[in-house]
Amino acid sequence: MAREFSTIGVVGLGTMGAGIAEVFARSGFDVIAVETDEAGIARGRGHLEHSTGRAVARGKLDETEQAALLGRITTTTSLEDLADVDFVVEAVPERLELKAAVLKKLDEVCRPEVVLASNTSSLSVTELSVQTARPGKVVGVHFFNPAPVMKLLEVVRTVVTEPDVIEDVTALAEKLGKSPVVIGDRAGFIANALLFGYLNHAVRMLEASYASREDLDAGMKFGCGYPMGPLALMDLIGLDTAYEILDTMYHQSRNRLHAPAPMLKQMITAGLLGRKTGRGFYTYAAADSQEVVPDALTPSAATADGAVLRPVRSVGVVGTGTMATGIVEVFAKAGYDVLVRGRSTAKTEGAVAAVRRSLDKAVNRGKLEEADRDAALARITTTTSLEDFATVDLVVEAIAEDLEVKRSTFATLDEVCKPGAILATTTSSLPVVECAAATSRAGDVVGLHFFNPAPVMKLVEIVHTIATDADVVATANQLCRDLGKVPVTCGDRAGFIVNALLFPYLNDAVSMLEAHYATADDIDTAMKVGCGMPMGPFQLLDVVGLDVSLAIQKTLYLEFREAGFAPAPLLEHLVTSGRLGRKTGKGFRDYS
């Protein structure tokens, strides 16, 4: 028989505890909230009044409802006052000995059938449960901040948690209007385990001076549609909090990718904790402000190193596939003369037809004037010979991801293009330096990684090799801005910025599923609802294609030799069995 919950105990009235108390009171439950002293109660009341006041200001509550909500919350400084509650959540600071002591006392005070819950985000629920005489009735309930707003609730079971406890707590979460996911007791649970490995990887990239903080953040915002870049998110969470979560995860997983980047410890020691101190990876207008202000690391608008930009008026595009036609459209719409080279007249005609269809759609949707469409099409000419690129200022190679074919193309371009012409590759996974090495002008070669579909996606990764001239990089940056794109600059390493951060995270999700730690649905829900990701990892893998994902993951592993980058066996098995995602109708899920 399911438990009946009417009175809820909440221990701790900090930001999280006050939010949890509000969540229960909003849903009609009576709440008894415990703090250590009257000052703590006053702070907690302040949190509650501020949060509910904002809800009133936004029209989410009226003043009568606010008063009723606050009236359902009773405060006390004594844990003994929780003797008659039906369910208790502890939300005290994230220290094992403190949480263990609270749960031990609650075990003595509460009735034997009462479920004791911890809101820990990183500690072992099992370790906490054994401090009580009722480990089968101890569960993790990880609310996300701010608790009244965030829908995700991770329900954490240990190896001894009684099944009916999980059922009752899950049903309770649904009554609160939350989206519960049930998971085993592992460091970081779902959301933090996947999120913080990704955040730590971004810090390591910055630490290695691989890309700037702005470019790392812009890469993930504009390349993946994430609500925030990784370093801005670290500042919001707090670097000290992030360090503690990573350190706890590392001690449980022994996965080197969870070992906190040394840069984090240095910043914490210097007091750079993020928004709450006014400085972290970025500098803010004041402590607790979200307004970023310029500092010594803010890139200037001036051309890098005083480089003089190379003139780019005419562009050659090698290729007639989806990526190539998208790039042709982008340049033609921006006013550049574009010469498209295909292997046959039929291919080039097909490419121009594809551009026309795309532009016609834009006209039909009111995004483009007919005159602008006609002008863009008039700027496109075609050829079947690379020799016709003799006078263009920039060549963009957008052919198949075959290194030998690309090298052969670049060798020919080296012979036919005029001195000073920029030679660019749109490769998403191959070394740009290999293309450069096929020429006698390595300084003129750069990566211009457009994202698909090129007319829509804002991000372009500008990839420089150790030989790329500074004026080529500067010209590429300005060119992308002129195209209405967001350029980010990085070195020539596997995955560049976006894939290097995205695919290890996706691989971690596959490993989590493979270990039967959580279902694909729960993992997707956790990342979408808890972290604001536009798609869950398994949704995204099925869209990208499991074969493509496996190839990228293998490339990353071969380059970095990190054990954590080794493709998850489950991913390899699915590819071997022909389950490649949506394109084959079967991947991590089946599609009709």
Side-chain angles (χ1 to χ4, degrees), residues 87 89-91 94 96 99-100 103 115-132 134-144 150-174 178-198 200 244-255 257-258 504-531 533 536-538 541 563-564 568-571 588-589:
F87 181 75
V89 182
E90 71 73 17
E94 196 78 345
L96 182 65
K99 289 183 179 289
L103 287 170
V115 175
L116 308 181
S118 171
N119 183 55
T120 181
S121 61
S122 60
L123 299 174
S124 166
V125 178
T126 305
E127 284 190 54
L128 294 172
S129 72
V130 297
Q131 305 300 316
T132 75
R134 62 178 93 185
K137 292 182 173 62
V138 177
V139 67
V141 287
H142 180 211
F143 288 81
F144 285 69
M150 298 295 283
K151 291 291 186 184
L152 182 67
L153 181 65
E154 291 180 320
V155 179
V156 186
R157 52 173 164 72
T158 73
V159 290
V160 294
T161 308
E162 295 162 10
D164 65 302
V165 168
I166 297 299
E167 289 173 14
D168 293 346
V169 172
T170 302
L172 176 61
E174 289 169 346
K178 300 298 182 186
S179 300
V181 294
V182 178
I183 49 177
D185 184 21
R186 187 174 104 173
F189 311 139
I190 293 177
N192 283 353
L194 293 179
L195 178 67
F196 279 88
Y198 149 71
N200 197 40
E244 290 300 327
I245 291 171
L246 282 164
D247 197 46
T248 301
M249 285 168 53
Y250 175 68
H251 281 97
Q252 289 191 39
S253 71
R254 294 294 189 270
N255 183 342
L257 299 179
H258 294 155
Y505 147 72
L506 297 176
N507 197 50
D508 281 350
V510 179
S511 296
M512 189 178 276
L513 177 66
E514 190 171 46
H516 303 289
Y517 176 62
T519 66
D521 286 346
D522 279 353
I523 294 170
D524 276 356
T525 297
M527 300 315 292
K528 287 192 295 183
V529 179
C531 299
M533 303 296 197
F538 298 106
L541 282 161
L570 176 59
L571 183 60
F588 284 99
R589 295 183 176 87

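For clarity, every value in this text was computed on a predicted model and none was experimentally measured.
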Please assess Leu123 against Glu94 for the test side chain to side chain contact (heavy atoms under 4.5 Å, CB included), listing each intermediate value before the final yes or no.
CA-CA 8 Å; Leu123 299 174; Glu94 196 78 345; 3.9 Å; yes
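Proximity of a side-chain donor or acceptor of Asp185 to a complementary backbone N or O of Val156 within less than 3.5 Å is not detected. Judged by distance alone, the side chain of Tyr505 and the main-chain N or O of Gly197 form no donor-acceptor pair under 3.5 Å. In this structure, Asn192 contributes its side chain and Ser121 its backbone to a donor-acceptor pair below 3.5 Å. Looking at Glu154, its side chain never comes within 3.5 Å of a backbone N or O of Phe189 through a donor-acceptor pair. Between the side chain of Asp508 and the backbone N or O of Ala193 there is no donor-acceptor pair closer than 3.5 Å. A donor-acceptor contact shorter than 3.5 Å is absent between the side chain of Gln131 and the backbone of Leu103. Proximity of a side-chain donor or acceptor of Asn507 to a complementary backbone N or O of Ala568 within less than 3.5 Å is detected. Put simply, the side chain of Lys178 gets close to the backbone of Met150: a donor and an acceptor are under 3.5 Å apart.
Closest heavy-atom contact between Val529 and Lys151: CG1-CB, 3.3 Å. Closest heavy-atom contact between Asn255 and Tyr250: O-CD1, 3.2 Å. Nearest heavy-atom pair across Lys99 and Ser118 is CD-OG, 4.1 Å. Nearest heavy atom pair, residue Gly188 against residue Met249, reads N-CG, 4.0 Å. Here the shortest heavy-atom pairing between Thr161 and Val138 reads OG1-O, 3.4 Å.
Contacts of Phe588 classified as ring-ring contact (aromatic ring centres under 6.0 Å, His included), with partners at least two apart in sequence or in another chain: Phe538. Annotation: side-chain hydrogen bond (donor to acceptor under 3.5 Å, both in side chains) contacts of Ser129 (sequence neighbours excluded): none. The salt bridge (charged side-chain N to carboxylate O under 4.0 Å, His left out) search around Asp524 returns Arg589, not counting sequence neighbours.
Side-chain contact between Val115 and Asp168 is absent, with no heavy-atom pair separated by less than 4.5 Å. By the 4.5 Å heavy-atom criterion applied to side chains, Val141 and Leu153 are counted as neighbours. Residues Leu194 and Ile523 meet the side-chain proximity criterion, which asks for heavy atoms closer than 4.5 Å. Contact check for Leu128 versus Leu96: side-chain heavy atoms found under the 4.5 Å cut-off.
The environment of Lys528 atom NZ is dense: over 12 non-hydrogen atoms of other residues, nucleotides or ligands sit within 6.0 angstrom.
From Lys137, atom NZ reaches atom CD of Glu162 across 3.5 Å, with rounding to the nearest 0.5 Å. A distance of 10.0 Å separates CD in Glu90 from CG in Leu116, rounded to the nearest 0.5 Å. Here Thr158 contributes atom OG1 and Glu127 contributes atom CD; the two are 12.0 Å apart, rounded to the nearest 0.5 Å. Atom CE in Met533 sits 14.0 Å away from atom OG1 in Thr525 (nearest 0.5 Å). Annotation: the span from Phe144 atom CZ to Leu152 atom CG amounts to 4.5 Å, rounded to 0.5 Å. Atom CG of Leu513 sits about 10.5 Å away from atom CD1 of Ile190, to the nearest 0.5 Å.
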